[in-house]
Asks: 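Sending over a structure as structure tokens; questions will come in a sec.
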Amino acid sequence: MSDSTLPEGTHRILIADDNVANRELLEAYLAEIDCEIETSVDGQDTLDKIASFEPDVVLLDVMMPKLSGFEVCKQIKDNPDTSHVMVLMVTALNELGDIERAVTAGTDDFMSKPVQKVELLKRVENMLKLKGMNDELKRLQQYIQAMEDAQRAS
């Protein structure tokens, strides 16, 4: 995968799954993307790592101890400090009701296990591009606001 298609800078991806084999597989798949990877083992650990690691994207399993992926996603999206974090739910659940719960919780995308490498890489690449565009939009809005404030002050 070409890094030139992604926004500049080091990307951070958090893999949240209580199953070590699943974490290792996702980590191996993501080796093609220039990024820092952190892992978490349960819902509370995921929220703690989001606060300290500040990921761009979270690959979030639904069925985890302490807090489910649905609960974690809702907390991420309800918090103004983390609502910008892109969430890709990766789960063995694939019933329509599960997808609806994920969407209601605020997920940005949803993938069923078993995960296909090419699909995962493309979805993560797209999420990183979208995150980069959102960040740039925020910077431009802040610049415009600063210019307007300066114009009003003069």
Side-chain angles (χ1 to χ4, degrees), residues 1 3-19 22-23 25-27 29-30 32-113 115 119-150:
M1 188 164 303
D3 290 328
S4 64
T5 61
L6 295 175
E8 290 185 25
T10 302
H11 307 290
R12 293 173 172 227
I13 299 174
L14 177 62
I15 299 170
D17 198 310
D18 60 317
N19 181 298
N22 291 342
R23 287 194 309 270
L25 179 66
L26 292 172
E27 201 165 356
Y29 283 176
L30 292 172
E32 291 186 24
I33 296 178
D34 182 26
C35 64
E36 290 180 45
I37 296 174
E38 183 65 68
T39 61
S40 60
V41 297
D42 62 49
Q44 187 57 56
D45 186 34
T46 301
L47 292 173
D48 295 343
K49 294 271 174 75
I50 288 170
S52 63
F53 182 62
E54 299 179 359
D56 299 303
V57 174
V58 177
L59 304 183
L60 183 61
D61 184 31
V62 170
M63 299 176 66
M64 290 192 299
K66 298 189 181 175
L67 294 170
S68 75
F70 297 125
E71 294 168 308
V72 171
C73 184
K74 182 157 178 34
Q75 288 190 38
I76 293 168
K77 294 303 184 173
D78 285 350
N79 182 341
D81 295 332
T82 58
S83 63
H84 64 281
V85 174
M86 303 294 290
V87 177
L88 171 58
M89 286 199 170
V90 182
T91 180
L93 302 175
N94 60 5
E95 297 295 319
L96 183 57
D98 300 321
I99 297 169
E100 289 172 354
R101 280 187 70 194
V103 170
T104 299
T107 192
D108 296 291
D109 204 353
F110 188 96
M111 260 183 99
S112 295
K113 293 177 184 175
V115 172
E119 181 183 12
L120 175 72
L121 291 175
K122 192 62 183 171
R123 287 181 189 225
V124 169
E125 179 184 65
N126 286 339
M127 290 181 121
L128 290 171
K129 285 180 188 176
L130 183 57
K131 172 84 171 46
M133 287 188 279
N134 287 341
D135 290 350
E136 182 64 18
L137 177 60
K138 184 181 276 187
R139 280 191 292 274
L140 289 171
Q141 288 171 330
Q142 290 171 342
Y143 174 77
I144 290 168
Q145 186 63 51
M147 296 302 287
E148 289 174 351
D149 291 347

Asks: Donor-acceptor pair, distance only, cut-off 3.5 Å: does the side chain of D45 make one with the backbone of V41?
Replies: yes
Asks: Can you find a side-chain donor-acceptor pair between D149 and Q145 that sits under 3.5 Å?
Replies: yes
Asks: I'd like to check T39 versus E27 (side-chain heavy atoms, cut-off strictly below 4.5 Å). Are they in contact?
Replies: yes
Asks: For a salt bridge (charged side-chain N to carboxylate O under 4.0 Å, His left out) check, start with the C-alpha distance between R123 and E119, then their side-chain angles and the critical distance, and finish with the verdict.
Replies: CA-CA 6 Å; R123 287 181 189 225; E119 181 183 12; 2.6 Å; yes
Asks: Find out whether Q44 and L47 are in side-chain contact, i.e. whether some heavy atom of one side chain is under 4.5 Å from a heavy atom of the other.
Replies: yes
Asks: Any salt bridge linking R139 with D135? Criterion: basic side-chain nitrogen under 4.0 Å from a carboxylate oxygen.
Replies: no
Asks: Do K77 and V85 make a side-chain contact, defined as non-hydrogen atoms from C-beta onward lying under 4.5 Å apart?
Replies: no
Asks: With rounding to the nearest 0.5 Å, note down the distance linking CG in L26 to CD1 in I37.
Replies: 9.0 Å
Asks: Would the distance check show the side chain of T107 and the main-chain N or O of F110 forming a donor-acceptor pair, the cut-off being under 3.5 Å?
Replies: no
Asks: Check whether any side-chain heavy atom of T46 lies under 4.5 Å from a side-chain heavy atom of I50, and answer yes or no.
Replies: yes
Asks: I need the L30 CG to I15 CD1 distance, nearest 0.5 Å.
Replies: 5.0 Å
Asks: Measure the shortest side-chain to side-chain distance between V124 and L59 over non-hydrogen atoms and say whether it is less than 4.5 angstrom.
Replies: yes
Asks: How long is the span from the CE atom in M127 to the CD1 atom in I13, to the nearest 0.5 Å?
Replies: 10.0 Å
Asks: Below 4.5 Å, heavy atoms only, C-beta onward: do V57 and H11 meet side chain to side chain?
Replies: no
Asks: Under 4.0 Å between a side-chain nitrogen and a carboxylate oxygen: does that hold for D61 and R23?
Replies: no
Asks: How close do V62 and F70 get, heavy atom to heavy atom, and via which atoms?
Replies: CG1-CE1, 3.3 Å
Asks: Between D18 and K66, is there a salt bridge with N-O shorter than 4.0 Å?
Replies: no
Asks: By the salt bridge (Lys or Arg N to Asp or Glu O under 4.0 Å) test, which pairs, at least two apart or in different chains, include something from residues 78-90?
Replies: K74-D78
Asks: So, does T104 use its side chain to make a donor-acceptor pair with the main chain of E100 at under 3.5 Å?
Replies: yes
Asks: With salt bridge (charged side-chain N to carboxylate O under 4.0 Å, His left out) as the test, would you mind laying out the steps for D56 and K131 before giving the verdict?
Replies: CA-CA 7 Å; D56 299 303; K131 172 84 171 46; 3.5 Å; yes
Asks: If every non-hydrogen atom of R12 is compared with every non-hydrogen atom of F53, which pair is closest and at what distance?
Replies: NH1-O, 2.5 Å
Asks: For the atom pair CG (L88) and CG (D108), what is the distance rounded to the nearest 0.5 Å?
Replies: 8.5 Å
Asks: Quick one: NZ on K138 to CE on M133, what's the gap to the nearest 0.5 Å?
Replies: 15.0 Å
Asks: Please check if the side chain of T82 supplies one atom and the backbone of I76 the other of a donor-acceptor pair under 3.5 Å.
Replies: yes
Asks: Looking at CD of E54 and CD of E36, how far apart are the two atoms once the value is rounded to the nearest 0.5 Å?
Replies: 11.0 Å
Asks: Dump the intermediate steps for salt bridge (charged side-chain N to carboxylate O under 4.0 Å, His left out) on D17 and K113, then the final yes or no.
Replies: CA-CA 12 Å; D17 198 310; K113 293 177 184 175; 3.0 Å; yes
